[in-house]
2 protein chains.
Amino acid sequence: MTYSIAQAAERTGLSVDTLRYYERIGLVEPPARDSGGRRVYSDADLTWLDFLTKLRLTGMPIRMMREYAQLRHRGEATAGRRKQLLVEHRADVRARIAELQACLEILDYKIDNYDLILRRQPGGAPEEATA
Amino acid sequence: MTYSIAQAAERTGLSVDTLRYYERIGLVEPPARDSGGRRVYSDADLTWLDFLTKLRLTGMPIRMMREYAQLRHRGEATAGRRKQLLVEHRADVRARIAELQACLEILDYKIDNYDLILRRQPGGAPEEATA
DNA sequence: GTAGGAGTTGGAGCGCGCTCCAGGTCAACC
DNA sequence: GGTTGACCTGGAGCGCGCTCCAACTCCTAC
């Protein structure tokens, strides 16, 4: 299966601008072109783009994704270093989750507190009175 | 207890520039000033700044923090709306944690895969050979 | 009274990750 | 062969959250 840039955008959830941007900065290898010079994405391209979006979702900076992409391009010999990058990043993600969970507790505490206040003094905001 | 801006920066982990920036954009009420016109932060100011940094850590956008701050400034009558903001944001944080956890699984899978590859083909990166 | 250091202001600059735009090419359809 | 629409390129612009700067004031210590 092959895909136009618009189709690739739809399937990956990225914008066509972002797809071209990722190519420009070296996150993806330039895809094939048709006779008219238009990009043609393969399934493998989309799989890679999907993985990239996962990395982005975790907050990996573009610069690190680029390093990973370039190692990948250099082939199997870089597998060790690539694994190392992912292991490091995984630690960051875990730390980030822990951080968010700690903040969640603070939010819970604050919200409980508002519940107390609102039970004592209800009707503070008229438009909220029945909520 | 009172604090100079440098002390407040040290205690909150924010920079002095960020403290002034937060004041400028309305995240914090202007603190007291000493006879020479210098900012004097109170413990209450620091407590509020600490809470703000927690909100920032969770990824709450500044614009939302500002809305919260302005409601707070308007007093108890806005408690309902403030609670609502926090409840909405808590949902976002939970969703974000879930997203990160899903990505973690993908990272785990990828890393396991690299382990397999590396066991099959070790010594790919000489400098990594003993790791 | 003078040097130094911390603080002040308003405003410019920056790094990130896109996002948008103008001006052009190309293929398909009527 | 003319119109339409998707795509192309290079480059500018943007929103966010700071961060840095110059030029100035003020207090302290010597």
Side-chain angles (χ1 to χ4, degrees), chain A residues 2-42 45-46 49-70 89 92 96 99 103, chain B residues 2-42 45-46 49-70 89 92 96 99 103:
Chain A
T2 65
Y3 309 86
S4 71
I5 193 168
Q7 289 168 333
E10 194 187 334
R11 300 213 171 212
T12 59
L14 298 167
S15 71
V16 294
D17 275 314
T18 300
L19 287 175
R20 286 192 281 243
Y21 168 67
Y22 279 5
E23 182 183 335
R24 207 160 64 222
I25 65 174
L27 276 190
V28 301
E29 290 296 301
R33 299 284 179 135
D34 69 10
S35 61
R38 295 191 215 114
R39 287 171 182 79
V40 176
Y41 291 87
S42 67
D45 290 334
L46 296 202
L49 282 165
D50 281 341
F51 181 58
L52 285 181
T53 62
K54 298 300 181 201
L55 292 182
R56 273 303 295 137
L57 265 184
T58 61
M60 182 186 278
I62 292 265
R63 133 186 40 89
M64 191 174 177
M65 288 166 62
R66 182 156 49 194
E67 184 179 352
Y68 186 87
Q70 282 162 3
H89 183 59
D92 291 344
R96 177 68 178 138
E99 189 175 72
C103 288
Chain B
T2 64
Y3 310 86
S4 71
I5 193 165
Q7 289 168 332
E10 193 187 335
R11 301 214 170 211
T12 59
L14 299 167
S15 70
V16 295
D17 275 312
T18 299
L19 287 174
R20 287 191 282 243
Y21 168 66
Y22 280 5
E23 181 182 335
R24 207 158 64 220
I25 65 175
L27 275 189
V28 302
E29 291 296 302
R33 300 284 180 134
D34 69 11
S35 60
R38 296 192 217 114
R39 288 171 181 79
V40 176
Y41 291 85
S42 67
D45 291 333
L46 295 202
L49 282 165
D50 282 340
F51 180 58
L52 285 181
T53 63
K54 297 302 181 200
L55 292 182
R56 274 302 295 136
L57 265 186
T58 60
M60 181 185 280
I62 294 263
R63 135 186 38 91
M64 190 172 177
M65 288 166 62
R66 182 156 49 193
E67 184 179 351
Y68 185 88
Q70 282 162 2
H89 183 59
D92 291 344
R96 178 68 178 138
E99 189 174 72
C103 289

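Below, chains carry the letters A, B, ... as their sequence lines are ordered, and counting in each starts from 1.
Between Ile62(B) and Ser35(B), the residue anchored closer to the 5' end of DNA chain D is Ile62(B), taking for each the nucleotide with the nearest heavy atom.
With the end axes of the helix from dG1(C)-dC30(D) to dC30(C)-dG1(D) each set by five pairs, the angle from one to the other reads 10° at 10° resolution.
Each of Thr12(B), Asp17(B), Leu14(B) was checked for a side-chain contact (heavy atoms from CB on, under 4.5 Å) with Tyr22(B), and the lone residue meeting it is Leu14(B).
If you check residues 14-34 of chain B against DNA chain C, the residues with a heavy atom closer than 4.0 Å are Arg20(B), Arg33(B), listed by number.
With values rounded to the nearest 0.5 angstrom, Arg56(B) atom CZ is found 11.0 Å from Cys103(A) atom SG. Rounding to the nearest 0.5 angstrom, the gap separating the OH atom in Tyr21(A) from the CG atom in Leu27(A) is 7.5 Å.
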TODO: Before giving the answer on side-chain contact (heavy atoms from CB on, under 4.5 Å), spell out for Arg39(A) and Arg33(A) the whole-Å C-alpha distance, their side-chain angles and the decisive distance to 0.1 Å.
DONE: CA-CA 4 Å; Arg39(A) 287 171 182 79; Arg33(A) 299 284 179 135; 3.4 Å; yes

TODO: Could you please spell out the steps behind the side-chain contact (heavy atoms from CB on, under 4.5 Å) verdict for Tyr41(A) and Leu19(A)?
DONE: CA-CA 10 Å; Tyr41(A) 291 87; Leu19(A) 287 175; 3.8 Å; yes

Open item on the list: Assess the residue pair Glu23(A) and Arg20(A) against the criterion (salt bridge (Lys or Arg N to Asp or Glu O under 4.0 Å)); give the C-alpha distance rounded to whole Å, side-chain angles, the decisive distance to 0.1 Å, and a yes or no.
Closed with: CA-CA 5 Å; Glu23(A) 182 183 335; Arg20(A) 286 192 281 243; over 6 Å; no

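Residues Tyr68(A) and Leu52(A) have side chains not in contact (no heavy-atom distance under 4.5 Å, counting atoms from C-beta outward).
One atom, CZ of Arg38(B), and another, P of dA6(C), lie 11 Å apart when rounded to the nearest Å.
Between the side chains of Asp45(B) and Ser42(B), a donor-acceptor pair is found at a separation under 3.5 Å.
Judged by distance alone, with hydrogens and angles left aside, the side-chain atoms of Arg66(A) form a donor-acceptor pair with the main-chain N or O of Ile25(A) at under 3.5 Å.
No more than 12 heavy atoms of other residues, nucleotides or ligands shown are found within 6.0 angstrom of CD on Glu10(B).
Heavy-atom contacts of chain A under 4.0 Å fall on DNA chain D between two terminal nucleotides, which in 5' to 3' order are dC7(D) to dT9(D).
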